[in-house]
Amino acid sequence: MTEKTGVFICECGENIAGEIDIDKLCKKTGAKEGVDEVLKHKLLCSDDGKKFMEKEIREKNLTKAVVAACSPRQHEETFRTVLKNADLNPFLMQMANIREQCAWTVKDTEKATEKALSLINGAVKRVRHHKPFNVKEIEAKADAMVIGAGAAGIEAALTLAQKGRKVTLVEKRPYVGGQAALYEDVFPGMECSLCMLEPRLDSVLHNDRIEVLTCSEIEEILGFIGNFTVRIRKKPRSVEPSACFGCTDLCIGACPEKTENEYDMGLSERKAIYTPFKGAMPNVPLIDREKCRHFNGSDCSECSKACQFGAIDLNEKEEIIERKPGAIIIAAGFEEFDCSKIPQLGCKEIEDVYTGMEFERILNAQGPTEGKLLKKDGSAPESAVIIHCVGSRSEKYNNYCSKVCCLNSLKFSHMMKEKNNEMRIKHIYRDMTLPDKEGQKIFDEARENGIKFIRVEETNDIKIEKDLGGIKITPPNSDPIHTDIVILSASIQGNSSLKKLSEMLDFEITEGGFAEELHNRLSPVSTAVEGIYIAGCAQGPKNIPEAVSSACAAAGKILSRLLPGDKIKLEEVTAQIEEDLCSGCRTCIQLCPFKAISFNKEKNISEINEALCKGCGTCVSGCPSSASSSRLFTETQISSEISGLLEGSDE
Amino acid sequence: MNNGFTPQIIAFLCNWCSYAGADKAGGRHDEAPQGLKVVRVMCSGRVEPRDVIECFTRGADGVLILGCHPGDCHYKEGNHKALRRYHLLKKMLPQFGIENERVKLDWVSSNEAKRYTEIVNEMAKSISRLGPFNEDGKQ
């Protein structure tokens, strides 16, 4: 079939016709090589205009179309649809932007007409090389995986499950609830944290659609949106949950081995068989095989003997479990800044100097002191100093504000006052971050309760020393302050497991070890990898409501992007590599920002995964042998457009 | 300034930032150079040095490459790749007898209509000062 190209010129009311001599343009366009028909219309994007265009394409048997009108960013899709309705492949069309690029920006009618002609000529020469293609669609699974079972991960899993999606919730720790489950109270309402979380934890553990894998870590993630394959290393709990009644006293009581309890930040001891804290869910103990005598050369099986239900399983093996989710939410949470990186603060060196997380446990009724505020020597402290911004807002450490620690510090002083109203409490701070509706109120209440606030230039330069009968704090250029206990309100940073995940998935890690979002304002829960979303503190410092909101947002992304049974459309513009031309140099692999290109060792060529390709064309311009080409932006198309635009300019 | 000389400038604009910025400049009816011809690409990282050289062999007097500001690239870092290639291209240009000033890379975001207009007009002025590009290198 011979090609027949029609140029449709839109007058756009007076927008184009007022500045360009349309009749002259039509006449001159008709004289251009490669133009078979020229058709004008008052307003091509109107219903009448679209019908006109469709009818003309059919009647004149056009095989290619150029639309000289407005910006393709405005109406490319409109005119592609017209082509489709006229039974032409939608990509056999090219727009010439004679409005924004010409009528509106060139003042003289003659000059504007002349420029419009060359813009049309560029499109005519280009469209000649357009080939029909269909946007690819791929099968996609609608089920999801959530990594991390903290406040955010739980919310994401429940939201997805509510809409019928199956969810695998993977948690590294032996319990669900994350960091928030370790707190006694949470701001702003000073509500009991575990009481607040428990109903949600219970729902997540008893939901048919949610598979909860505790003591489990991600080993490998392969694939792309709709088609991920995840391998999970599930460590043995060594206690069979279906047989265990959660009495916990007998087996734990029988265990002869003691070690530091990491869930009390090392402030208490636990047995080798243990529950992280009282009330941890699932309420099933686990055996720490690194510490358990049975796994370290002894034949001890005291716990097993003590259990009346035969729940202890010393033979349980580590498993590698494979799941195939369509999308993944990373809710790996945060870690506290390691305060011992600032030696003069005396963290872990000086008695009664606590980090924020340690102090959460001190205040916790299930914690090392059962919630009693006691100094290491067993006496009750009469004074406390809370130091803000430890490891925060400093180029030496984490150079950002963690946003939640000021209010959390105010929570500490509130809780101490509740325990002993006579306590003298001071906050040493740089600036007070009091966001949201309740922030200011909490601060005002603290001042009314006689809590003192001392402003200093830099809290990271404070010196803390042991002093006779207490602790001496010396802020830079200030008089020393004496106190009984010190709390270091430390910066929060991304969980260290994010780094490993980022390497598997190729999303970036930002300062502070957080996962980088696709766009920090408009796509805060998406990553650059389609189908991988982030929720909670994995993305940046957040309080609980913010973490929960981001989890709902991430779940929402999955619910709208992946529908059961639906295929997903890939990008229109993607790159392809021509096998015969590829020399296997792998330049493109390094250039691709989306890890869409991999190397096929057998064929010795690079291959593009079109499901991952976003069509930027960076690989195309980087390929030394022109093996890579970008659909709709091929070398021939671009070069023909250039020559069309410049035709006659030499004369 | 050469009388009667309309510099032919090809401007490669990335779809997401610069082309959108140009659309806004059009919406403001900002006057743009008569000889400015825009080629839309998805990303400034798609622009090949060869494309730039070809513009000159086809009659262009200047070439502009406009992308998203660093850090704002729709494709994460395509504009960084464009910048790297631009530096290499700059080294090659004299070997083709093309003055360095005839090729320029810059960043225009989608809401920088004014900046877009300034850049394209400044480019036209600077090319006008240089005069038409002659393949033989004779000005």
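Proteins come first, then strands; the chains are lettered A, B, ... in the order of their sequence lines, and each starts at number 1.
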Heavy-atom neighbours of [X] [atom1] exceed 12 at 6.0 Å:
X: Lys32(A); atom1: NZ; answer: yes
X: Lys107(A); atom1: NZ; answer: yes
X: Gln590(A); atom1: CD; answer: no
X: Glu110(A); atom1: CD; answer: no
X: Lys557(A); atom1: NZ; answer: no
X: Lys111(A); atom1: NZ; answer: no

May I ask you to name which of [options] has the most heavy-atom pairs under 4.5 Å with chain B?
options: Ser621(A), Gly617(A), Gly122(A); answer: Ser621(A)
options: Asp108(A), Leu518(A), Val106(A), Leu591(A); answer: Leu591(A)
options: Glu635(A), His519(A), Glu641(A), Lys614(A); answer: Glu635(A)
options: Ala528(A), Cys70(A), Ser71(A), Ala112(A); answer: Ser71(A)
options: Asn97(A), Leu632(A), Asn15(A), Leu119(A); answer: Asn97(A)

For [Y], is there any backbone N or O sitting under 3.5 Å from a side-chain donor or acceptor partner on [X]?
X: Arg73(A); Y: Tyr19(B); value: no
X: Glu77(B); Y: Pro593(A); value: no
X: Thr618(A); Y: Arg46(B); value: no
X: Lys115(A); Y: Pro33(B); value: yes

What distance separates Ile642(A) CD1 from Ile10(B) CD1, expressed to the nearest 0.5 Å?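 If I round to the nearest 0.5 Å, the distance is 6.0 Å.
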
Spacing of SG belonging to Cys102(A) relative to CD belonging to Gln34(B), to within rounding of 0.5 Å: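 Here the interatomic distance stands at 7.5 Å.
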
Which atoms form the tightest heavy-atom contact between [X] and [Y], and what is the distance?
X: Val41(B); Y: Phe633(A); result: CA-CE2, 3.7 Å
X: Tyr75(B); Y: Phe594(A); result: CA-CZ, 3.6 Å
X: Cys43(B); Y: Cys616(A); result: CB-O, 3.5 Å
X: Gln101(A); Y: Val38(B); result: OE1-CG2, 3.2 Å
X: Thr105(A); Y: Asp30(B); result: CG2-O, 3.0 Å

Given a strict heavy-atom distance threshold of 4.5 Å, which part of [X] is in contact with chain A: side chain, backbone, both, or neither?
X: Asp23(B); answer: both
X: Arg28(B); answer: neither
X: Asn15(B); answer: both
X: Ala20(B); answer: both

When you check the side-chain N and O atoms of Glu54(B) and Ser639(A), is any donor under 3.5 Å from an acceptor? yes

Relative to chain B, which segment of Val573(A) carries a heavy atom at a distance below 4.5 Å: side chain, backbone, both, or neither?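 The answer is the side chain of Val573(A).
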
Under 4.5 Å from a heavy atom of chain B, the part of Ser626(A) involved: side chain

Under a 4.0 Å N-O cut-off, is there an ion pair linking Lys76(B) with Glu516(A)? no

Would you call Glu647(A) and Arg58(B) a salt bridge, using N to O less than 4.0 angstrom? no

Which one, His74(B), Lys24(B), Met42(B), leads in non-hydrogen pairs under 4.5 Å with chain A? Met42(B)

Any Phe56(B) side-chain heavy atom under 4.5 Å of Leu646(A) side chain: no

